[in-house]
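Atom set for the values below is all heavy atoms of this structure, side chains included, hydrogens, waters and symmetry mates excluded. Order of the sequence lines fixes the chain letters, A, B, ..., with proteins taken first and strands second; residue numbering starts at 1 for each chain.
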Number of protein chains: 2
Amino acid sequence: MSVTLQDVAREAGVSPATASRALNAPELVAPARREHVRQVAAQLGYRPNRAARELITGRTGNLCLVVPDLENPFFAAVAKGVQARARALGLAVVVADSEEDGHLESELVGRLGAQVDGVVLCSPRMTDEALDEALARDVPLLLVNREHHGAASVVIDNADGVRQAVAHLYALGHRRLAYAGGPAGSWSDARRREGLHRAAASLPGTEVVDLGHVAPVFDGGVAVADLVVASGATAVLAHNDLVALGILNRLTSRGVRVPDDVSVVGYDDSPAATLVAPALTTVRVPLARLGRDAVDALVNHAPRAARRRAASGVTDAEAPAPVRLPVELVVRDSTGVPPAPPTAPIASTAGDLPA
Amino acid sequence: MSVTLQDVAREAGVSPATASRALNAPELVAPARREHVRQVAAQLGYRPNRAARELITGRTGNLCLVVPDLENPFFAAVAKGVQARARALGLAVVVADSEEDGHLESELVGRLGAQVDGVVLCSPRMTDEALDEALARDVPLLLVNREHHGAASVVIDNADGVRQAVAHLYALGHRRLAYAGGPAGSWSDARRREGLHRAAASLPGTEVVDLGHVAPVFDGGVAVADLVVASGATAVLAHNDLVALGILNRLTSRGVRVPDDVSVVGYDDSPAATLVAPALTTVRVPLARLGRDAVDALVNHAPRAARRRAASGVTDAEAPAPVRLPVELVVRDSTGVPPAPPTAPIASTAGDLPA
DNA sequence: TTGTAGGCGTTATCAG
DNA sequence: CTGATAACGCCTACAA
């Protein structure tokens with residue numbers, strides 16, 4: 001059996017209450033006693049029992065992080081950020097992988113949410129309705145990479161990332177752009193698609209070919225690569241780097257040169273982006289910061305462990321405005337000028353274009 | 001305030017004890033009552049308070065996983081496996097990233113170990129002494145990727161992986177092999193280095209050039225690549241895929257062709273291995289299984305939450321023999337026959353070699 | 001088969 | 001500033 005506060009109190013010759021205060025509210029206890037108690041505690045190797053503390057305070061000292069896929073470098077990076085910030089705050093992080101499944105995700109939030117002080121829900125795959133339900137629980141919830149009415153969230157500027165990418169491609173001379181979108185129902189995909197169309201609309205002569213929804217993994221990219229070629233687009237924007245990498249791989253093995261024949265742009269700037277040749281032009285997302293800010297927002301916004309007082313009927317303050325983080329385009333080797341029109345006869349029709 | 005067992009009991013018209021039994025020891029309660037209680041509990045949305053339960057049972061329902069770097073695909077994969085298996089067993093996982101720092105690692109084990117039923121320590125960077133200390137605590141500890149006297153562990157067959165790689169290279173005709181090792185003090189690196197020398201010794205005419213210790217990340221590989229060239233080796237084995245990828249990248253950008261000039265072999269078969277061109281020949285490690293087996297071993301070996309009974313003086317049974325998982329070489333494009341001797345004059349001395 | 005009662009280790013609430 | 005004392009929610013002898 002480990003050493004309890006009682007042991008410390010007895011050994012120090014004070015009451016348990018005083019011992020408790022000496023450790024948790026030092027200013028409430030006479031300096032001499034305080035030091036004595038602390039010394040005894042240290043000497044005995046006293047470690048507070050978290051369960052007992054939680055039972056009465058209602059606080060666990062744990063946060064929960066739910067991500068769709070731990071192996072996805074995007075989420076791994078966010079997890080690392082969450083981890084680091086939580087540790088700095090003295091909190092532990094319970095991590096759960098939802099396997100890209102909205103139902104499992106909801107279940108995890110329900111199951112794990114009951115034993116933590118707050119939940120960071122990253123790129124939620126669940127429906128808006130499920131989100132509403134989750135929010136109705138008494139656990140503070142923070143969304144990363146998704147906005148939802150009444151929920152606190154930290155997001156990136158999805159549309160602006162696409163805008164930067166499109167501007168870059170446009171400047172290079174591309175006019176026909178393909179888009180390999182994220183999973184159906186993906187909030188960030190919707191934002192990016194929106195941004196894409198808006199950006200294209202503001203750039204005369206631009207066409208967008210929508211390649212539909214693609215699994216946000218390498219193989220998804222491999223699968224959609226042939227559609228890119230068939231689309232006649234000279235450049236393709238992928239929903240994330242994994243997809244872009246898959247496209248790159250498939251194009252290359254088909255003999256389609258990147259960027260000579262087709263330019264490719266990813267999203268996220270995951271570490272893998274520079275592993276390949278040509279290195280991937282991509283939209284850099286401040287991943288670690290996303291995680292850190294998520295924890296900060298959660299801790300600040302969280303109506304301090306309201307469980308115990310929930311009956312008071314005090315509704316939480318309105319969710320604060322989403323924290324929106326900027327992104328930046330990183331130009332590497334996978335983008336270049338589009339190929340010249342195929343043959344002279346056709347080229348002759350281009351007389352009205354600038355030389 | 002959430003619904004307690006008392007509420008359920010009252011609502012169901014039974015005593016708290018019966019309610020408790022109906023849920024946790026169904027066979028001890030009359031079928032009719034049992035069902036009634038369970039129904040009421042479900043209807044009220046009763047969720048047992050883990051803190052209260054833990055306080056009395058001494059079990060938390062949590063495992064802790066400590067890894068050196070969550071962004072390293074190797075650990076991400078293990079984490080995913082741990083995650084999945086733990087969930088299947090109804091356990092949650094507290095994940096901590098030690099940032100490749102042995103001291104932080106020890107501290108994390110100490111801090112987090114106190115609030116969980118067991119700790120999975122992955123590729124520990126801490127010293128043997130620190131490990132002994134950690135083992136002395138009352139938390140069941142399981143090592144992944146490292147063996148240590150008195151500790152339960154799940155490891156891979158490090159030496160055999162290297163042996164397979166060397167045999168492959170030897171068969172292709174390579175005789176001078178460079179080794180880009182892992183971090184200084186790395187247990188698995190020591191095993192691989194050992195296996196490398198043993199394998200080389202058994203293959204006549206083989207030489208090994210030791211390139212020393214390399215940071216187990218992409219940039220480490222980039223940095224060591226020039227040593228590979230200078231070493232005059234025709235093939236290089238890297239401590240892991242990240243390093244191999246870094247080497248590949250640097251060699252390629254220096255104009256050294258892979259595998260025509262130099263063959264490269266990685267270790268782990270991380271997802272990134274197939275993202276690059278040429279695809280990486282590597283030793284496949286059953287990552288997810290490593291995680292799953294770790295949880296199983298921990299749960300089975302763990303002297304069920306002994307905290308409460310520790311005073312009885314019953315020492316835990318000796319740690320079981322390490323679980324050793326097989327690995328397999330995956331041959332891809334980054335290995336090939338070594339370049340022919342440079343010029344005719346020199347080639348003439350090779351008369352005694354087979355055509 | 002069921003109910004009663006005690007206590008797990010801590011903190012909060014009072015009185016002193 | 002300090003010390004009793006009462007919870008917190010649950011489990012588990014023990015008694016009925």
Side-chain angles (χ1 to χ4, degrees), chain A residues 1-38 40-41 44-61 114-115 117 138 304-311, chain B residues 1-38 40-41 44-61 114-115 117 138 304-311:
Chain A
M1 183 73 80
S2 57
V3 32
T4 79
L5 190 57
Q6 303 263 5
D7 300 330
V8 175
R10 192 177 334 105
E11 186 70 16
V14 299
S15 77
T18 300
S20 173
R21 284 188 287 247
L23 299 172
N24 303 312
E27 72 282 5
L28 293 184
V29 88
R33 261 167 207 263
R34 181 206 309 158
E35 289 317 314
H36 182 219
V37 172
R38 305 197 119 190
V40 170
L44 262 43
Y46 166 71
R47 313 276 277 174
N49 181 316
R50 311 184 87 254
R53 177 176 289 175
E54 174 185 348
L55 192 53
I56 189 155
T57 64
R59 240 162 312 157
T60 65
Q115 65 174 301
D117 296 337
D138 52 5
R304 308 238 116 265
R307 261 175 276 182
R308 194 159 294 268
R309 285 165 278 127
Chain B
M1 185 72 80
S2 59
V3 30
T4 80
L5 190 56
Q6 303 264 4
D7 299 331
V8 176
R10 192 178 334 105
E11 185 70 15
V14 300
S15 78
T18 301
S20 173
R21 285 188 286 248
L23 299 172
N24 303 315
E27 71 282 5
L28 293 184
V29 77
R33 261 172 207 270
R34 181 206 311 159
E35 290 316 315
H36 181 219
V37 171
R38 304 196 121 190
V40 170
L44 261 44
Y46 167 71
R47 314 278 276 175
N49 181 316
R50 312 182 88 256
R53 177 176 288 174
E54 173 185 348
L55 194 53
I56 189 161
T57 64
R59 242 162 313 164
T60 64
Q115 64 175 301
D117 296 336
D138 51 5
R304 309 236 117 264
R307 261 175 277 182
R308 195 158 294 268
R309 287 165 277 128

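For D:dT2, the OP1/OP2 oxygens have a side-chain nitrogen or oxygen of A:Arg33 closer than 4.0 Å. Proximity of A:Thr18 to the phosphate of D:dT2: no side-chain N or O atom is located under 4.0 Å from OP1 or OP2. A sub-4.0 Å separation between OP1 or OP2 of D:dC10 and a side-chain N or O of B:Ser20 is absent. Contact annotation: B:Ser15 side-chain N/O to C:dG3 OP1/OP2 distance is under 4.0 Å. Taking side-chain N and O atoms only, B:Thr57 has no distance below 4.0 Å to OP1 or OP2 of D:dC11. For the pair A:Asn49 and C:dC8, the criterion of a side-chain N or O lying under 4.0 Å from OP1 or OP2 is not met. Checking the phosphate oxygens (OP1, OP2) of D:dC10, no side-chain nitrogen or oxygen of B:Arg53 falls inside 4.0 Å.
The shortest side-chain heavy-atom distance between A:Val40 and A:Val37 does not fall under the 4.5 Å cut-off. Residues B:Asn49 and B:Thr4 are not in side-chain contact: their nearest non-hydrogen atoms beyond the backbone lie 4.5 Å or more apart. The shortest side-chain heavy-atom distance between B:Leu23 and B:Leu5 falls under the 4.5 Å cut-off. Using a 4.5 Å heavy-atom cutoff, the side chains of A:Asn24 and A:Arg53 are in contact. A 4.5 Å side-chain heavy-atom check between B:Pro26 and B:Arg21 finds every atom pair outside the cut-off.
The CD1-C1' distance, from A:Ile56 to D:dT5, rounds to 11 Å in whole Å. Taking atom CD of residue B:Gln6 and atom P of nucleotide D:dC11, one finds them 11 Å apart after rounding to whole Å. Atom P of nucleotide D:dG9 and atom CZ of A:Arg59 are separated by 15 Å, given to the nearest angstrom. The separation between B:Leu5 atom CG and C:dT4 atom P is 14 Å, rounded to whole Å. For A:Leu23 and D:dT2, the CG to P distance is 13 Å, given to the nearest whole Å. Protein atom CG of B:Leu55 is 13 Å distant from nucleotide atom C1' of C:dG6, rounded to whole Å. Rounded to whole Å, the distance from CD on A:Glu54 to C1' on C:dA12 is 17 Å.
With DNA chain D read from its 5' end, the first of the two nearest nucleotides for B:Arg47 and A:Leu28 is the one closest to A:Leu28. The residue among B:Pro16 and A:Gly13 whose nearest nucleotide of DNA chain D lies closer to the 5′ end is A:Gly13.
For B:Ala52, counting side-chain heavy atoms from C-beta on, the closest listed nucleotide (D:dC1, D:dC10, C:dT10) is D:dC10. Nearest to the side-chain atoms of B:Arg21 among the listed nucleotides D:dC1, D:dC11, C:dG3 stands C:dG3. Side-chain proximity of A:Val14 to D:dG3, C:dT10, C:dG3: nearest is D:dG3.
Judged by distance alone with a 3.5 Å cut-off, no donor-acceptor contact links the side chain of A:Arg50 to the base of C:dG9.
Contacts of B:Ala17 with the nucleic acid, taken as non-hydrogen atoms under 4.0 Å apart, include base atoms. Among the protein residues, A:Pro48 comes within range of the sugar-phosphate backbone only, with heavy atoms under 4.0 Å from sugar or phosphate atoms but none that close to a base.
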List the steps and the verdict of side-chain contact (heavy atoms from CB on, under 4.5 Å) for A:Val3 and A:Arg47. CA-CA 7 Å; A:Val3 32; A:Arg47 313 276 277 174; over 6 Å; no
